[in-house]
> 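My structure is below; once you've seen it, I'll send some questions.
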Amino acid sequence: MAEGLGVQAMDLRWNFEFGARVSIALPDGSTMDPDRMMFEALAEEFGLSPDDFGREFSTGRDRFRVAGIDPRRPKYPISANRIPDGKGYKFTAENVAFLLQAAIKDVTPKGDKT
């Protein structure tokens, strides 16, 4: 199965990056996502939950979606895409864990003490 990822970054004066992914179709019709598999396997080592893949968080100015993890980048191992344009950014695991926790508190009802 082939999937177009669209324009990843653009500078009209010099270049643009277009992404594509070729995936193996699973019996249920979904596709194998190596980024998700890597994240789920390593998330707990970085203080995150395997379920955090794809979750959204806000830095106050921008909204991001958790897109992956790269243990070869020990200082900034978490990859996230800015939601409006899909541009990729790198974050510390501690910062992402804090921002994801803050996102949960933002949606907790006011009467709930948890």
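Here, residue 1 is the first one in the sequence, and each next residue gets the next number.
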> Can you list every salt bridge (Lys or Arg N to Asp or Glu O under 4.0 Å) pair that touches residues 43-52, not counting sequence neighbours?
Asp52-Arg55
> Please list, chain by chain and in numerical order, all residues satisfying ring-ring contact (aromatic ring centres under 6.0 Å, His included) with Phe57, sequence neighbours excluded.
Phe64, Phe91
> Suppose we screen for side chain to side chain contact (heavy atoms under 4.5 Å, CB included). Which residues come up paired with Ala97, at least two apart in sequence or across chains?
Leu48
> Taking only residues at least two apart or on different chains, which pairs with a member in residues 67-87 satisfy ring-ring contact (aromatic ring centres under 6.0 Å, His included)?
none
> For Phe39 and Ser49, work out which heavy atoms get closest and say how close.
CE2-O, 3.4 Å
> Might you point out which heavy atoms bring Arg63 and Ser58 nearest each other, and give the distance in Å?
NH1-CB, 3.5 Å
> According to side chain to side chain contact (heavy atoms under 4.5 Å, CB included), who are the partners of Ala67, at least two apart in sequence or on a separate chain?
Asn81
> Name all residues meeting the salt bridge (charged side-chain N to carboxylate O under 4.0 Å, His left out) criterion together with Arg72; count only those two or more places apart in sequence or in a different chain, and write none if there are none.
Asp70
> Just to verify, what does Arg82 make a side-chain hydrogen bond (donor to acceptor under 3.5 Å, both in side chains) with, not counting sequence neighbours?
Asp85, Tyr89
> Any link between Ile83 and Ile78 through a network of hydrophobic side chains (Ile, Leu, Val, Met, Phe, Trp, Tyr) touching at under 4.5 Å?
no
> Tell me every residue that passes salt bridge (charged side-chain N to carboxylate O under 4.0 Å, His left out) with Glu40, counting only those two or more places apart in sequence or in another chain.
Arg36
> Excluding sequence neighbours, so at least two apart, what forms side chain to side chain contact (heavy atoms under 4.5 Å, CB included) with Met38?
Leu42, Ile69
> Between Glu56 and Leu100, which heavy-atom pair has the shortest distance, and what is it?
O-CD2, 3.7 Å
